[in-house]
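Have a look at the structure below, then the notes.
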Amino acid sequence: MRPLDRPDVAVITPTGLRPNRLPFLEELYESLLAQESVNWEWVIAPNGSQADPELIPTAITKDTRVRIVARPDPGPAPARNTALNFVQAPRCTFADDDDRLPSLSLAIRNEHAITTGLHWIAGRSADWDADTGSLTTWMCPTPVGQHAAGDVWTYWPDPMASKPPIGHCMLLVDTRLARTVGQGGLHKGEDYVYALGVCGRSDGLMLSDVVYHRRSHAGQWSSQSTYRDQAEFDARQHAWLAGLAERELQAEKTLLGSAVPRARPRDHEHRSSISA
């Protein structure tokens with residue numbers, strides 16, 4: 001792919017390709033086709049015992065903007081991480097296989113990333129009832145506006161009382177930052193540590209615009225009564241502690257600043273500069 005053809009934004013979707021969710025995947029694709037004023041690529045990462053890439057509708061696989069990155073059975077976190085290996089766009093976001101993106105989702109976040117130079121831009125998420133078409137916006141604890149690295153963590157005072165103050169699918173992230181942070185290796189709540197890591201390592205911006213539609217349906221895993229178990233609470237604690245560590249490291253970095261003496265060149269480096 002030539003540099004001029006490089007997409008602006010990559011969308012990464014891990015999927016188990018379960019038969020009942022294939023129509024949802026097609027609806028996600030239709031929402032990508034409806035994106036305005038942005039060039040995108042879509043990296044689909046099938047994973048799981050039923051995730052046969054042959055199940056993906058041909059309307060999707062024949063699109064040259066789509067890349068299929070199949071993995072035998074690593075789970076969503078490793079699938080998202082390895083999918084990042086194939087991203088060509090300078091910025092990326094995640095979308096689950098049962099959700100969809102509003103038509104300006106990618107463009108509005110991408111434009112703000114370009115104009116501000118910030119490494120992450122987030123918008124709001126709304127719960128979407130596909131049967132009625134109703135949308136209920138999640139007014140997340142992270143307020144609208146610019147946030148310094150580590151500040152988002154402060155809006156999550158008690159990890160046992162609530163989920164993180166921002167969702168990973170709400171974020172459009174510099175691909176380098178996404179690769180640096182990664183999604184860990186957890187099988188549940190892996191996205192928590194990613195969201196806190198991205199916001200903890202770099203300044204960013206929270207928009208008032210809704211950029212993600214999260215489908216409400218009976219098969220929604222995180223809505224099941226069994227989802228909130230010890231593994232999920234452990235994931236919350238892990239993400240909270242990771243966010244705390246990022247914030248403390250950022251504070252130390254600020255305090256040190258120019259107080260750190262500049263290292264003297266080694267003898268061979270000094271000689272090289274003289275000979276040059």
Side-chain angles (χ1 to χ4, degrees), residues 10-35 40-88 92-101 105 125 127-131 163 167-171 178-179 182-195 212-236 238:
V11 178
I12 296 173
T13 300
T15 175
L17 293 177
R18 297 181 181 88
N20 64 321
R21 293 170 77 107
L22 289 175
F24 300 161
L25 188 69
E26 291 187 84
E27 289 185 57
L28 173 56
Y29 177 56
E30 290 168 4
S31 78
L32 286 174
L33 294 177
Q35 293 302 299
W40 51 265
E41 63 177 338
W42 190 18
V43 184
I44 303 176
N47 62 94
S49 57
Q50 301 179 48
D52 181 358
E54 295 297 322
L55 295 172
I56 300 174
T58 55
I60 295 176
T61 58
K62 70 180 182 181
D63 192 323
T64 57
R65 295 168 292 184
V66 177
R67 183 172 289 115
I68 311 299
V69 182
R71 292 294 178 266
D73 193 17
R80 291 189 186 106
N81 286 339
T82 54
L84 278 167
N85 296 344
F86 298 87
V87 168
Q88 296 174 321
C92 63
T93 189
F94 296 99
D96 291 341
D97 65 356
D98 54 346
D99 298 332
R100 71 175 185 179
L101 304 178
S105 172
S125 174
D127 288 335
W128 165 48
D129 187 325
D131 294 330
K163 61 184 180 181
H168 81 299
C169 290
M170 298 158 61
L171 292 158
R179 286 174 174 150
Q183 293 238 344
L186 302 173
H187 79 283
K188 183 182 288 188
E190 71 285 344
D191 50 310
Y192 301 165
V193 71
Y194 173 79
Y212 196 77
H213 290 171
R214 180 179 178 272
R215 185 189 299 264
S216 299
H217 64 98
Q220 184 65 258
W221 187 36
S222 59
S223 298
Q224 304 299 313
S225 59
T226 55
Y227 185 76
R228 305 293 181 201
D229 60 5
Q230 189 60 50
E232 195 269 343
F233 282 111
D234 286 344
R236 289 192 200 184
H238 175 62

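Just so you know, these numbers use all the heavy atoms, side chains as well, and skip hydrogens, waters and symmetry mates.
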How far does CG of L17 sit from CG of L22, to the nearest 0.5 angstrom?
6.0 Å

I need the minimum non-hydrogen distance between A95 and P14, along with the two atoms involved.
O-CD, 4.2 Å

Side chain to side chain, R179 and V87, heavy atoms closer than 4.5 Å:
yes

Quick one: closest heavy-atom pair of K188 and A235, and the distance?
O-CB, 3.3 Å

Taking C-beta and beyond as the side chain, do T93 and L171 meet within less than 4.5 Å on heavy atoms?
no

For a quick test of reading the model, state the closest non-hydrogen atom pair linking S125 to M170 and the distance between them.
CB-CG, 3.8 Å

Check whether any side-chain N or O of T82 sits under 3.5 Å from a backbone N or O of P78 as a donor-acceptor pair, and report yes or no.
yes

Is the shortest side-chain heavy-atom distance between P76 and N47 below 4.5 Å?
yes

Is it true that the NZ or CZ of R65 lies under 6.0 Å from the centre of W40's six-membered ring and within 45 degrees of the ring axis?
yes

Test side chain to side chain contact (heavy atoms under 4.5 Å, CB included) applied to Y29 and I44, D63, T13, the passing residue
D63

Residue pair R80 / Q183, side-chain donor-acceptor N/O under 3.5 Å:
yes

Nearest-0.5 Å distance, CG of residue N81 to CD of residue E190
9.5 Å

Would you mind reporting whether L32 and W42 have side-chain heavy atoms less than 4.5 Å apart?
yes

Rounded to the nearest 0.5 Å, what separates atom CD in E26 from atom CD1 in I56?
11.0 Å

Should Y212 and L101 be marked as a side-chain contact (heavy atoms from CB on, under 4.5 Å) after you check the CA-CA gap, both sets of side-chain angles, and the distance that decides it?
CA-CA 5 Å; Y212 196 77; L101 304 178; 3.5 Å; yes

Donor-acceptor contact present, side-chain E41 to main-chain Q88, <3.5 Å
yes

Closest contact, heavy atoms only, A70 versus P53:
CB-CG, 3.7 Å

Drop me the distance from H213's NE2 to C169's SG, to the nearest 0.5 angstrom.
13.0 Å

Hydrogens and angles aside, do E232 and Y192 bring a side-chain donor and acceptor to less than 3.5 Å of each other?
yes

Is it true that, when you exclude R71 itself, more than 12 heavy atoms of the residues, nucleotides or ligands shown sit nearer than 6.0 Å to its CZ?
yes

At their closest point, which heavy atom of D127 faces which heavy atom of S216, and how far apart are they?
CB-OG, 3.8 Å

May I ask you to check if R100 and W128 form a cation-pi contact, with NZ or CZ under 6.0 angstrom from the six-membered ring centre and within 45° of the axis?
yes

Calculate, to the nearest 0.5 Å, the distance between atoms CD and CG belonging to Q35 and L33 respectively.
9.5 Å

Go through the steps to decide whether C92 and L84 satisfy the test side-chain contact (heavy atoms from CB on, under 4.5 Å), and finish with yes or no.
CA-CA 9 Å; C92 63; L84 278 167; 3.8 Å; yes

Please tell me if the side chains of I68 and P46 come closer than 4.5 Å, counting only heavy atoms from C-beta onward.
yes

Nearest atoms (heavy-atom pairs only) where A83 meets I12
CB-CG2, 3.7 Å

Among D96, D98, D99, which one satisfies salt bridge (charged side-chain N to carboxylate O under 4.0 Å, His left out) with R21?
D98

